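Have a look at the structure below before the remarks.
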Amino acid sequence: MTIGGGYIGMYGSGFAPAISGTIIDVRVKSLSGTWVSLIGPTGASGSGSGSGSQVIIPGADGYDGFIDDSFYLLGAAGIIDTGRWIDVPYNSANFTASGTMVWDVQSGDQAIYKYFIFKKMMFLAWKINASSITGTLSDQLRLKVPNGAIIAASTVWPTAYFQSAWIQGWAEAVAGETFIRIQREGLGGTNFALSTNSTYAQGMMILETQ
Amino acid sequence: MAAFYEPFNVVRAVEPDFNALQIALRLVEPTIGIIHNAGTNVYNLKKNTSWTAGEITNARNAIINAPNVTAQSVAQARIDNFPIIDKAIILTIIDEINILRVAAGLPARTVNQAITAIRNKAATL
């Protein structure tokens with residue numbers, strides 16, 4: 001992310017309430033790798049030239065600021081990288097299914113599996129290609145919620161899957177679970193079909209995490 | 001399960017019909033899967049055994065020759081994979097039509113005839 005014009009998107013008082021409470025510092029990292037705290041000793045001023053809740057990240061000309069793709073919040077749980085999509089490294093254990101059905105996803109099948117978090121909000125995106133289904137058929141493919149997160153609120157989002165045709169399915173998040181349920185049309189009750197390298201699933205959902 | 005990936009770079013003017021391409025590739029080898037992002041020329045194909053030269057040639061030809069995706073071809077794939085609700089509606093209509101056909105001395109329509117008629121109709125829309 002490149003921010004020009006001298007301001008980051010928390011100018012004014014709008015951002016200040018959002019960072020009160022659990023967030024104890026807000027930092028950005030410059031292209032040179034320098035960490036810059038946006039909360040000065042008074043809790044209001046930026047470390048650059050700025051006043052009040054207006055924060056200016058100094059650049060080469062003293063006005064423009066350029067930061068990288070990351071935006072970090074230092075909260076009670078530690079530093080949270082909240083400004084960019086984070087790819088989830090491949091792990092076959094991230095792909096399971098209900099019952100004794102097996103969702104076999106190889107590393108090369110994982111085209112997209114990434115998340116973006118802001119406090120208790122997680123954006124999750126996935127695009128799984130050419131996967132296989134074996135075992136006793138059931139109605140849920142299960143994708144692990146990244147970053148060790150636990151779902152806080154149940155919700156349902158439309159997704160797409162392919163088993164001989166692209167069909168709209170559903171991704172369901174259930175509070176307390178650590179995976180999302182990817183289901184066919186009808187939101188449950190319809191089993192997936194056995195397949196060899198021919199099951200595709202893709203979608204995106206926003207989760208509230210604990 | 002072992003997986004063997006083979007990249008192909010094929011320039012097409014229009015995206016292939018995904019289902020038709022998969023069917024064609026499965027004739028080359030029955031475990032081939034497709035990893036492809038629309039708008040790119042890269043088709044990374046996956047199968048359970050190592051690739052032979054003949055399979056690579058045939059798979060490339062399948063990508064080149066796959067029909068273009070159209071609204072009609074997508075609809076036909078959907079018709080072939082009707083969910084229960086659509087099946088129930090169509091089968092009920094067929095049953096009712098056949099009551100009238102038999103009463104009129106006409107042969108009953110089979111389910112396959114009805115599905116073929118629906119696919120053919122989709123192709124004309």
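What you see is a predicted model, and the numbers here were worked out from it, not measured in a lab.
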**Report entry** For chain B, which residues of residues 150-164 of chain A have heavy atoms nearer than 4.5 angstrom
**Finding:** A:Phe162, A:Gln163, A:Ser164
Requested in this report: Under the side-chain contact (heavy atoms from CB on, under 4.5 Å) rule, what do A:Leu141 and A:Ile133 come out as? Steps first, then yes or no, please.
Outcome: CA-CA 9 Å; A:Leu141 303 176; A:Ile133 291 177; 3.9 Å; yes
Report task. Any pair with a residue in residues 96-125 of chain B that passes ring-ring contact (aromatic ring centres under 6.0 Å, His included), sequence neighbours left out, goes on the list, sorted by first then second residue, please. Result -> none
Query - Atom of A:Arg142, atom of A:Ser98 and distance for their closest heavy-atom approach - result: NH2-CB, 3.7 Å
Query raised in the report: So, do B:Thr31 and A:Thr196 sit near enough that their side-chain heavy atoms are less than 4.5 Å apart?
Result: yes
Report task. Mark yes when over 12 heavy atoms from residues, nucleotides or ligands other than B:Ile89 sit less than 6.0 Å from its CD1; otherwise mark no. Result -> yes
**Report entry** Per-residue contact mode, B:Ile32 against chain A (heavy atom under 4.5 angstrom)
**Finding:** backbone
**Report entry** Closest non-hydrogen atom pair, A:Ala165 against B:Arg78
**Finding:** CB-N, 4.1 Å
Query - Heavy-atom contacts under 4.5 Å, residues 36-49 of chain B to chain A - result: B:His36, B:Asn37, B:Lys46, B:Lys47, B:Asn48
Report task. Heavy atoms only: give me the nearest A:Thr96-A:Ala93 pair and the separation to one decimal. Result -> CG2-O, 3.7 Å
Query raised in the report: Should A:Asp104 and A:Thr134 count as side-chain neighbours, where that means a heavy-atom distance under 4.5 Å?
Result: no
**Report entry** Salt-bridge contact B:Asp80-B:Arg119 (side-chain N to carboxylate O under 4.0 Å)
**Finding:** yes
Requested in this report: Compute the centroid of each ring, for A:Trp166 and then for B:Phe18, and state whether the two points are separated by less than 6.0 Å.
Outcome: yes
Requested in this report: Measure the shortest side-chain to side-chain distance between A:Trp170 and A:Gln168 over non-hydrogen atoms and say whether it is less than 4.5 angstrom.
Outcome: yes
Query raised in the report: What part of A:Glu185 gets closer than 4.5 Å to chain B, counting heavy atoms only: side chain, backbone, both or neither?
Result: side chain
Query raised in the report: Under 4.5 Å between any side-chain heavy atoms of A:Ile182 and A:Trp103, yes or no?
Result: yes
Query raised in the report: Heavy atoms, side chains only, cut-off 4.5 Å: are A:Met205 and A:Ile180 in contact?
Result: yes
Query raised in the report: Is any residue of residues 121-132 of chain A within less than 4.5 Å of chain B by heavy atoms, and which ones?
Result: A:Lys127, A:Asn129, A:Ala130, A:Ser131, A:Ser132
Query - Aromatic ring proximity A:Tyr113/A:Tyr90, centre distance under 6.0 Å - result: no
